[in-house]
Amino acid sequence: MPHHALEITLTRPLTLAELHHAARTWPLAANHDATRLIALQSAKTPGRAAHRLRRRLNKRLPIDVITTHYPDASGQILLSLVFPPATRTALNTAADRAGQSPERFVQLTLRRALAQHASQESDRLDQAVRHLLAHTTATHLLPAVGRALTQTPGAPHL
């Protein structure tokens, strides 16, 4: 059975004692501020792996979201959420109106929101570049962008 790398996003940072207690139950790796954890879970599918991991750790950790750490072959990340009953009811109602399953409804809604955000971010960057080009030339702007992209944060400017 394959192992799946899963990332757990917590609702709050763990104390050292909580992290040690949870790690005794299941091997976990924490980020620097103990708000995200990585775990391996065996299962036939990533969805089953996320479900098993949530069942195993839900009472021990303040889990917000579980995601697959690596994208699948089509570049998708599995997002495992547990909604409160009122939210679940509202989602079921909206999904029924749209003639979709709740999972498909959430998936399509998230895709639309992410596409809209990407479009808005692209428009914002285009506008910022046009503003910069109104006050300089591409000959001066391109090296400045290159320096900004390759500059190590906190390093002295040369």
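FYI, side chains are in, hydrogens and waters are out, and symmetry mates aren't considered; it's all heavy atoms of this structure.
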For this session: Please determine, by modelled atom types, if Arg104 and Gln107 share a side-chain donor-acceptor pair under 3.5 angstrom.
Result: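 Distance-only check passes for Arg104 and Gln107.
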State whether the side chain of [X] and the backbone N or O of [Y] hold a donor-acceptor pair below 3.5 Å, judged by distance alone.
| X | Y | value |
| --- | --- | --- |
| Ser119 | Ala115 | no |
| Thr136 | Leu141 | no |
| Thr89 | Pro85 | yes |
| His4 | Ala43 | yes |
| Arg60 | Thr25 | no |

Quick one: do [X] and [Y] end up in the same hydrophobic cluster if we chain Ile, Leu, Val, Met, Phe, Trp and Tyr together by side-chain heavy atoms under 4.5 Å apart?
| X | Y | value |
| --- | --- | --- |
| Leu16 | Leu10 | no |
| Leu14 | Ile38 | no |
| Leu40 | Trp26 | no |
| Leu110 | Val65 | yes |

With a 4.5 Å cut-off on side-chain heavy atoms, are [Y] and [X] touching?
| X | Y | result |
| --- | --- | --- |
| Leu57 | Leu28 | yes |
| Val82 | Ile63 | no |
| Gln120 | Gln116 | yes |
| Leu37 | Leu61 | yes |
| Leu132 | Val145 | no |

Got a second to check how far [X]'s [atom1] is from [Y]'s [atom2], nearest 0.5 Å?
| X | Y | atom1 | atom2 | value |
| --- | --- | --- | --- | --- |
| Thr109 | Gln100 | OG1 | CD | 7.0 Å |
| Ile66 | Thr9 | CD1 | OG1 | 9.0 Å |
| Glu121 | Leu114 | CD | CG | 12.5 Å |

For this session: Might you confirm whether atom OH of Tyr70 has over 12 heavy atoms from other residues, nucleotides or ligands at distances under 6.0 Å?
Result: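 Count not over threshold, so no.
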Problem set entry | Heavy atoms from other residues, nucleotides or ligands near CZ of Arg48 exceed 12 (cutoff 6.0 Å) |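 No, the 6.0 Å shell around CZ holds no more than 12 heavy atoms from other groups.
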Exercise. What are the two closest non-hydrogen atoms of Leu133 and Ala138, and how far apart are they?
Worked result: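 Residues Leu133 and Ala138, closest heavy atoms: CD2-N, 3.8 Å.
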Exercise. How far apart are the closest heavy atoms of Ala49 and Gln41, and which atoms are they?
Worked result: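 Answer, listing the atom of Ala49 first, then Gln41: O-CG, 3.3 Å.
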Exercise. side-chain contact (heavy atoms from CB on, under 4.5 Å) with Leu6: which of Thr67, Leu78, Leu53?
Worked result: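 The side-chain contact (heavy atoms from CB on, under 4.5 Å) with Leu6 is passed solely by Leu53 among Thr67, Leu78, Leu53.
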Problem set entry | For Asp72, all residues meeting side chain to side chain contact (heavy atoms under 4.5 Å, CB included), sequence neighbours excluded |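 Side chain to side chain contact (heavy atoms under 4.5 Å, CB included) check on Asp72 returns Ser74, Gln76.
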Problem set entry | Basic-acidic side-chain contact under 4.0 Å: Glu103, Arg88 |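 Result for this pair is yes, salt bridge flagged.
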